[in-house]
Amino acid sequence: MMNTDAVVHSLVHTNTVECVRNDYKGLPSTLCQGCGHNSIASQIITACYELNISPEKIVKFSGIGCSSKSPTYFLSRSFGFNGLHGRMPSLALGALFADHTLHGLGISGDGDTASIGMGQFKHLVRRNIPMVYIVENNGVYGLTKGQFAPTAEKGLRLKRQGVNAFQPVDICMEALASNATFVARSFAGDPKQVKELLKAALSHNGIAVLDIISPCVTFHNHENSMHSYMGGKALEAPLHEVTYVPSREEIVIDCFEEGETRDVILHDGSMVRLKKLEKDYDPTDRHRAFQMLDESEKKKLLITGLLYIEPYRPSLFDLYVLPETPLNRLTEERLRPPKESIGRLNQMML
Amino acid sequence: MELANPVQIKDTSPPKNGAVINDFCITFSTINGSGSATANTTLLRAIFKMGVPVSGKNILPSNIQGLPTWYTLRVSKDGYLGRLEKDDIVVSMNPITFSKEQEYIVPGGVLLYSDEIKLHIRREDIHVYPMPVNNILNTVGIPAKLRDYTANMVYVGILAELLGIKMKNVVQALEFHFKGKESAIKPNLDVINLAAKWAQDNLKKSDPYFIRSMDANVNCIISDGNTAAGLGAIYGGVQFVGWYPITPATSLAETMHEYVPILRKDQKEEGKETCVMIQAEDEIAAIGMAIGAGWGGLRAMTATSGPGLSLMAEYLGLAYYTETPVVVWDVQRVGPSTGLPTRTAQGDITFANFIGHGDTQYILLFPGSVKECFEFGWRAFDLAERMQTPVIVLSDLDLGMNQWISEPFEYPDQPMDRGKVLWEDDLEKILEKTGEKWGRYLDIDGDGIPYRTLPGNQNPRSAYFSRGTGHDEYGAYREDPEVWERTLSRLKLKFETAKKFTPKPILREMARAKIGILSVGSTDFSIQEARDQLAEQGIATNHMRIRAIPFDDEIRKFIEAHDIVFVVEINRDGQLKQLLTIQFPEQATKLKMVARIDGLPLSANWIEEQISAKEASK
Ligand SMILES: Cc1ncc(C[n+]2csc(CCOP(=O)(O)OP(=O)(O)O)c2C)c(N)n1
Ligand code: SF4
Ligand SMILES: [Mg+2]
């Protein structure tokens with residue numbers, strides 16, 4: 001949370017795109033008080049404000065679920081499309097081709113992504129479209145009132161359904177397996193880390209998957225589960241301390257000792273600085289990331305941080321020869337082949 | 001006829017000396033995957049180049065290699081292009097179907113067969129010519145690996161000699177097929193030439209069939225409907241295609257993959273392309289991508305067939321309610337279920353019309369010819385963007401995958417209609433005009449069509465949030481009963497407005513006709529032939545080919561003006577008739593179903609028999 005001074009400051013202080021923090025706000029939330037999704041929404045607002053992205057340069061997408069409702073609670077000045085359950089990836093992909101200069105921001109739930117939407121999710125990741133894909137992961141279906149999500153831990157007991165007999169789906173693992181170029185896990189109860197990871201994700205030229213544990217206070221806030229605030233806090237094991245450094249900014253943060261930090265330069269020249277905590281962790285080592293996820297599963301730890309990054313793989317847009325002008329601004333002269341061509345075409349059909 | 005060039009010769013008197021000229025059917029029986037398509041289309045094209053109206057139909061099994069496959073060429077001096085239920089000449093290369101095929105040959109017809117087939121020929125009333133296929137291939141010295149592919153060229157040469165197809169035209173056809181590639185043309189041509197020579201030296205022609213040059217095909221082209229549709233879309237400025245392979249729609253998207261790089265180079269930024277194509281992971285994703293792109297302001301489409309359309313139901317409902325333009329080509333095949341994937345049908349009419357839960361309505365287009373596939377290829381985008389709604393184009397396998405003689409493609413005669421789109425300044429102007437009132441779903445003009453803004457618009461007041469949940473004129477979430485009713489009523493009004501933009505039905509009249517015929521799509525060819533046959537029996541008919549839903553008011557007038565109206569279609573339940581019954585309940589008793597589905601295009605004979613029998617039983 002920001003301190004009061006900072007709040008007051010952001011109300012009056014315009015960023016470099018002439019916006020105050022309020023310009024990034026949405027409608028009042030209708031989610032439950034204390035829902036993790038709300039705290040993520042507020043970090044999105046802050047991250048976009050601090051990143052100096054004009055709200056008109058962002059497009060929001062979501063599927064169906066409590067999580068997917070949340071795009072109305074931030075960035076009112078951004079276009080958005082609340083689509084179908086599990087099918088947001090395809091919608092976002094098509095829409096982002098309309099104007100490749102926009103930032104895509106997708107919000108999904110763990111059911112929306114890892115159950116009904118697993119196929120579309122993995123294919124979106126595989127295509128490496130530049131967008132941020134947030135899974136607000138609470139281990140349950142919030143909107144339909146508390147059924148098991150595919151991310152629910154084995155052995156979890158829910159009021160109506162009894163005990164979950166199945167191994168959970170690990171969204172980061174799925175993303176990695178699909179060759180994601182940016183995979184991070186965070187916890188809604190760790191707003192600073194969420195915000196820094198969000199900024200890095202928004203600067204990444206490719207798909208950035210953020211699996212954020214986001215407690216459902218109404219249906220799944222068991223203290224011994226890692227999807228709850230208490231459980232999450234107790235089990236969180238950050239890999240490193242994440243700081244996003246914008247490209248224009250001189251790197252003025254304290255000088256770390258050699259070997260204490262890792263800097264990853266992103267496509268747009270900005271940087272993620274990862275300060276070592278207990279052990280060194282190399283986020284460009286995909287193999288290590290798999291291992292780390294596997295170990296944390298076994299140890300029942302909530303590993304958070306930037307698990308994997310590959311900043312320079314060509315994005316989906318790089319694979320097409322798109323004009324500089326956004327496609328949705330092209331006029332008839334550029335879209336309809338010239339009249340002379342029809343004669344030649346008919347000749348080809350003889 | 002609308003399609004084949006109107007042909008003047010109208011000589012129905014028996015041919016002199018019993019010769020049958022330019023009016024018969026040839027059926028080729030081959031093994032699927034044996035390269036017979038090259039041989040068959042070479043003959044089709046050669047006959048076309050002789051100026052003789054000809055049509056070709058594939059009857060394919062649903063596999064790539066090994067099962068029997070048939071191809072029928074219909075040569076028709078009168079320009080009839082529909083299916084004919086008779087075989088004048090059968091060319092048999094397949095022992096498995098050899099016995100069966102003999103049964104279908106008309107008395108006095110012809111059987112040409114590979115002399116490798118050592119089976120008994122039971123018919124004594126037909127002309128029989130064995131073809132020394134292996135001998136000819138050996139003489140030419142075709143390498144083993146090419147044998148299967150060139151074997152069918154033997155019958156090309158023999159038929160050319162037997163029927164009088166000009167070798168010059170055969171060469172032209174081969175050059176077309178192999179895009180002038182000498183190394184591919186030569187072995188095939190060698191086989192053809194030797195086979196023709198063999199026929200000249202060894203065959204004594206006893207049958208009555210001849211092909212003689214005409215000039216009926218002046219200015220005509222040959223194309224299949226899918227190619228035409230894909231090209232039409234390219235001329236319509238399509239910007240996004242999301243698709244998933246499915247017979248018989250695959251070739252529509254593949255044509256686009258082929259032509260986009262040629263026809264859609266950006267005129268301004270060199271080396272850039274203005275259309276994006278993505279093969280999606282399934283049809284749900286394909287339609288999702290297209291709807292996303294349509295929402296973003298791109299001319300977006302997908303192409304599919306029944307099973308894919310079934311998967312698209314939920315998304316199409318979303319597009320209807322969020323008022324998102326998108327174009328869906330459904331190249332129909334036989335259902336339900338996987339059905340007969342390589343056979344034709346008009347079985348998705350009611351499904352496409354009602355697709356999705358709740359109250360929905362879609363603009364449906366029914367192209368009836370190759371030329372119209374091209375036209376609807378571009379026009380569908382104008383409609384979708386003008387009306388801000390999905391447009392589903394119902395083609396079928398027969399139209400989409402078979403080669404048809406057609407008038408040439410016509411360059412769009414109207415500029416693109418991008419509909420009511422507001423960019424930065426437009427929005428300012430409309431705010432000024434309406435006194436600061438603009439909402440994404442606000443009906444400013446009273447025609448049910450609101451104004452939309454597109455992502456990327458930098459005007460801070462341009463953004464809105466699209467949602468499939470209840471929303472008011474400003475896009476805000478609302479559950480209020482009156483808001484829901486108001487929106488759904490406006491959508492209905494919008495659908496009425498669509499009638500101003502949809503293609504009108506096409507009427508063909510005969511003097512003093514009391515009988516009406518209604519149809520959609522590719523049945524047109526056989527219907528026109530059936531009408532001529534009926535006219536010969538003294539039964540005059542008027543025909544209206546419906547080209548769009550919402551139904552035009554002309555259709556009501558047409559039904560009113562006739563004593564009885566036959567609704568001809570390729571499905572079991574009379575789906576078009578069902579929709580007409582719903583739309584025009586007072587007229588419903590006049591509608592008579594002439595519907596059938598067996599996987600094949602309707603033949604003129606069958607339509608004629610149905611109508612004359614129903615007439616007689618009155
Ligand atoms: C096709 C379809 N099936 C089922 C539903 C019902 N449904 C709505 S939200 C939801 C689950 C949402 O869970 P999750 O994605 O985890 O989001 P959360 O509410 O937990 O944030 C389901 C099953 C639906 N809207 N659409
Ligand atoms: S039900 Fe759970 S997920 Fe939904 S709003 Fe409430 S706390 Fe959040
Ligand atoms: Mg959930």
Side-chain angles (χ1 to χ4, degrees), chain A residues 23 27 54-57 59-61 64 71-72 75-84 87-99 101-102 119-120 122-123 127 320-339 341-343 345-347 349-350, chain B residues 176 221-223 231 234-237 239-240 242 263-264 266-269 271-274 276 278 280-282 284-286 288-300 314-315 318 322 408-412 415-416 454-460 462-469 477:
Chain A
D23 291 324
L27 300 169
S54 127
E56 285 75 31
K57 282 281 177 196
V59 203
K60 306 172 285 183
F61 301 98
I64 299 289
T72 31
L75 297 170
S76 281
R77 276 173 49 183
S78 304
F79 279 80
F81 202 148
N82 174 209
L84 297 180
R87 320 295 182 199
M88 174 262 279
S90 55
L91 193 73
L93 184 142
L96 288 171
F97 267 104
D99 183 342
T101 67
L102 303 177
Q120 291 213 351
K122 296 195 65 135
H123 283 276
R127 294 190 176 100
Y320 288 82
V321 278
L322 300 174
E324 299 274 310
T325 320
L327 281 179
N328 69 2
R329 303 246 182 191
L330 297 184
T331 48
E332 174 156 358
E333 311 79 73
R334 292 171 77 174
L335 294 176
R336 178 165 280 171
K339 189 152 192 187
S341 63
I342 196 91
L345 186 70
N346 278 316
Q347 281 301 314
M349 302 289 139
L350 286 178
Chain B
F176 178 91
I221 60 166
I222 292 190
S223 173
L231 288 168
I234 288 175
Y235 277 78
Q239 295 168 284
F240 189 95
L263 289 166
R264 291 295 296 280
D266 193 1
Q267 311 279 321
K268 262 225 177 100
E269 297 180 37
K272 304 295 168 71
E273 278 172 22
T274 61
V276 171
I278 290 205
E281 57 270 33
D282 58 30
I284 302 178
M289 290 173 186
I291 288 171
W295 176 78
L298 303 185
R299 300 203 131 186
E314 190 188 13
Y315 244 127
L318 177 76
T322 56
F409 302 140
E410 262 170 36
Y411 197 74
M416 282 184 191
L454 305 176
N457 189 324
Q458 294 301 298
N459 189 321
S462 64
Y464 71 98
F465 194 73
S466 273
R467 44 158 51 98
T469 41
Y477 179 71

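Per chain, numbering begins at 1; letters A, B, ... match sequence-line order.
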Taking all heavy atoms of [X] and all of [Y], pick out the closest pair and write down the distance.
{"X": "A:R336", "Y": "B:G236", "value": "NH2-CA, 4.0 Å"}
{"X": "B:M416", "Y": "A:L335", "value": "CE-CB, 3.7 Å"}
{"X": "B:G456", "Y": "A:R329", "value": "O-NH2, 2.9 Å"}
{"X": "A:S90", "Y": "B:G288", "value": "OG-CA, 3.4 Å"}
{"X": "B:A463", "Y": "A:R77", "value": "CB-O, 3.3 Å"}

### Task
Output, in order, the C-alpha distance, side-chain angles, deciding distance and verdict of side-chain contact (heavy atoms from CB on, under 4.5 Å) for B:I222 and A:L350.
CA-CA 6 Å; B:I222 292 190; A:L350 286 178; over 6 Å; no

For residues [X] and [Y], determine if any side-chain heavy atom of one lies less than 4.5 Å from a side-chain heavy atom of the other.
{"X": "A:T325", "Y": "B:E269", "value": "yes"}
{"X": "B:I284", "Y": "A:R87", "value": "yes"}
{"X": "A:N82", "Y": "B:S466", "value": "no"}
{"X": "A:R127", "Y": "B:I278", "value": "yes"}
{"X": "A:L345", "Y": "B:F409", "value": "yes"}

Winner by heavy-atom pair count (cut-off under 4.5 Å) against chain B, out of [options]:
{"options": "A:N346, A:L327, A:D99", "value": "A:N346"}
{"options": "A:A95, A:P338, A:P337", "value": "A:P337"}
{"options": "A:E333, A:Q347, A:H123, A:K122", "value": "A:H123"}
{"options": "A:Q120, A:M88, A:K60", "value": "A:Q120"}
{"options": "A:A98, A:S76, A:P323", "value": "A:P323"}

With only heavy atoms counted, which part of [X] is less than 4.5 Å from chain A, the side chain, the backbone, both or neither?
{"X": "B:F465", "result": "both"}
{"X": "B:R264", "result": "side chain"}
{"X": "B:N457", "result": "both"}
{"X": "B:A285", "result": "both"}
{"X": "B:L454", "result": "both"}
{"X": "B:Y411", "result": "both"}

In terms of heavy-atom pairs under 4.5 Å with chain A, which of [options] leads?
{"options": "B:E314, B:E281, B:Q239", "value": "B:E281"}
{"options": "B:A290, B:G296, B:A300, B:P455", "value": "B:P455"}
{"options": "B:L263, B:V276, B:I291", "value": "B:V276"}
{"options": "B:E410, B:R467, B:M289", "value": "B:M289"}

### Task
Please lay out, stage by stage, how B:Y477 and A:T72 fare under the test side-chain contact (heavy atoms from CB on, under 4.5 Å).
CA-CA 10 Å; B:Y477 179 71; A:T72 31; over 6 Å; no

Measuring from atom [atom1] of [X] to atom [atom2] of [Y], what distance do you get when rounded to the nearest 0.5 angstrom?
{"X": "B:T274", "Y": "A:R334", "atom1": "OG1", "atom2": "CZ", "answer": "8.5 Å"}
{"X": "B:R299", "Y": "A:L330", "atom1": "CZ", "atom2": "CG", "answer": "12.0 Å"}
{"X": "A:N328", "Y": "B:L298", "atom1": "CG", "atom2": "CG", "answer": "6.0 Å"}

### Query
Can we say B:K268 and A:E324 salt-bridge, meaning some charged N sits less than 4.0 Å from an Asp/Glu carboxylate O?
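Here B:K268 does not pair with A:E324 in a salt bridge, since their nearest N and O are not under 4.0 Å apart.
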
### Task
Determine whether the side chains of A:S341 and B:Y235 contain a donor N or O and an acceptor N or O closer than 3.5 Å.
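The answer is yes; a qualifying pair exists.
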
### Query
Just by distance, with hydrogens left out, do A:E56 and B:S462 show a side-chain donor and acceptor under 3.5 Å apart?
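Absent: no donor and acceptor within the cut-off.
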
### Task
Could you label the plane-to-plane angle of the B:W295 and A:F81 rings as parallel, tilted or perpendicular, counting under 30° as parallel and over 60° as perpendicular?
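Tilted: the ring planes of B:W295 and A:F81 meet at 30° to 60°.
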
